[in-house]
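Here the structure is a predicted model, which is why all the values come from computation and not from measurement.
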Amino acid sequence: YTSAEKGFDEMSLRKSPPVAWVVLNRPHRLNAITPKMIDELEMCLREVDGDGSIRVVGIRGEGDKAFSAGADISSYEFSSPSKVFDASRRWFEVFSLVERLSKPVVAAINGYAFGGGCELALACDFRLASKSSQIGLTETNLGLMPGAGGTQKLVRVVGLSNAKRMIFFGERVPAEEALRIGLVDAVFSNEEFDSKVDEFVAKLAKRAPIALKFAKRALNLAFQVPTDLGQLFEASGFSLLVTTQDVSEGISAFLSKREPEFKGE
């Protein structure tokens, strides 16, 4: 595999199969999110989802100050509730692509992740943070509330009580506290952050991609449908996976006491 980078106006897509990095690229504005960035994010997500050489997708912000500080308010039109509603739904729909992506998605949070930046991170399967990072849904500090799915996603991650405290008070949660309440999955020192994230992503990329695809969908369904329906999908996925070459490789590796080499077949 060879590395390749594709540049957009406010995003960049860096592919080093089996990993791709989707990078929010407005460091001069703390990677604040604009309508154009949302459009470019959608393009990046659709491209990596259709790329068979990519097994894991990472999302990060350019620079070392912010994953994303939230919406760039100056770039949005607030002339009517209808326009604001449409913008809110657009954010939610694109962030939902992250959840529906057929591959695991890792948010690498180095710095601020507020408002819409936090909501984007919440859509990812894993959130890794540097020790100096701060994370929060801070919209109530402006007299607003989360508008891109934050009220729905946060409660699933940290529970109702923690979600209410964070949103009602517009808290900027330090990385160590975020780890304690389950908002992030790991915290690394600032000096080791990049190497530890790369290590985590590389380890995930070695897992059986078809198994992860079905497991991700089954896990997400657990929050959306009755248990009986979710288990039907689980049983269907389990039965389909038995027919894959990856399962044969996994069993062979287990019996031979070696590390499996999954090919996604």
Answer yes or no: is there a side-chain heavy-atom contact under 4.5 Å between [X] and [Y]?
X    : Y    : result
D51  : P17  : no
W21  : V201 : yes
K153 : F92  : yes
D72  : M37  : no
D49  : L97  : no
V48  : K103 : no
L24  : I59  : yes
L212 : L204 : yes

If we ignore hydrogens and angles and just use 3.5 Å, is the side chain of [X] paired with the main-chain N or O of [Y] as donor and acceptor?
X    : Y    : answer
D246 : A208 : no
K36  : D9   : no
S133 : I109 : yes
E139 : L144 : no
R127 : A121 : yes
N220 : E99  : yes
S256 : A253 : no

Can you measure from [atom1] ([X]) to [atom2] ([Y]) and round to the nearest 0.5 angstrom?
X    : Y    : atom1 : atom2 : result
N25  : E62  : CG    : CD    : 5.0 Å
F8   : C44  : CZ    : SG    : 4.0 Å
N31  : L120 : CG    : CG    : 11.0 Å
E47  : I54  : CD    : CD1   : 9.0 Å
N162 : I181 : CG    : CD1   : 4.5 Å
S161 : M166 : OG    : CE    : 12.0 Å

Could you go through the side chain to side chain contact (heavy atoms under 4.5 Å, CB included) check for R14 and S16 one step at a time? CA-CA 7 Å; R14 302 167 186 171; S16 296; 5.9 Å; no

Answer yes or no: is there an ion pair linking [X] with [Y], defined by an N-O contact shorter than 4.0 Å?
X    : Y    : result
E199 : K203 : no
E40  : K6   : no
R165 : E177 : yes

For the aromatic rings, using the six-membered ring if either is Trp, is the centroid distance between F200 and F188 under 6.0 Å? no

Under 4.5 Å between side-chain heavy atoms, hopping through other hydrophobics if needed: is there a path connecting [X] to [Y]?
X    : Y    : value
Y112 : I33  : no
V98  : I135 : yes
V197 : V23  : yes
V247 : F262 : no
V187 : V158 : yes

Closest heavy-atom pair and its distance - [X], [Y]:
X    : Y    : result
G149 : E119 : N-OE2, 3.5 Å
E265 : T244 : O-CB, 3.4 Å
V157 : G182 : CG1-O, 3.3 Å
S252 : R258 : OG-NH2, 3.4 Å
A32  : S68  : CA-OG, 4.1 Å
F233 : A218 : CE2-N, 3.7 Å

Under 3.5 Å, is there a donor-acceptor pair linking the side chains of S132 and N190? yes

ring-ring contact (aromatic ring centres under 6.0 Å, His included) with W91: which residues, sequence neighbours excluded? Y76, F95

Give the C-alpha distance, both sets of side-chain angles, the deciding distance and a yes or no for salt bridge (charged side-chain N to carboxylate O under 4.0 Å, His left out) between D194 and R60. CA-CA 11 Å; D194 288 338; R60 67 189 312 154; 2.8 Å; yes

Could you give me the CA-CA distance, side-chain angles and deciding distance for L128 and V106, then say whether side chain to side chain contact (heavy atoms under 4.5 Å, CB included) is met? CA-CA 7 Å; L128 311 178; V106 178; 3.8 Å; yes

Show, in sequence, the C-alpha distance, side-chain angles and deciding distance for L183 and L154, and conclude whether the side chain to side chain contact (heavy atoms under 4.5 Å, CB included) test is met. CA-CA 8 Å; L183 182 56; L154 185 64; 3.8 Å; yes

Could you list all the side-chain hydrogen bond (donor to acceptor under 3.5 Å, both in side chains) pairs where at least one residue sits in residues 205-218, not counting sequence neighbours? D125-K216

Within a radius of less than 6.0 Å around CD of E93, do more than 12 heavy atoms belonging to other residues, nucleotides or ligands occur? yes

More than 12 foreign heavy atoms under 6.0 Å from CZ of F114: is that the case here? yes

R46 and E42: CA distance, side-chain angles, deciding distance, salt bridge (charged side-chain N to carboxylate O under 4.0 Å, His left out) verdict: CA-CA 6 Å; R46 294 194 184 280; E42 180 180 15; 3.1 Å; yes

Given the rule in the side chain to side chain contact (heavy atoms under 4.5 Å, CB included) test, do R29 and S74 qualify, once you have shown the distances and angles that lead to the verdict? CA-CA 11 Å; R29 296 298 300 271; S74 65; 4.2 Å; yes

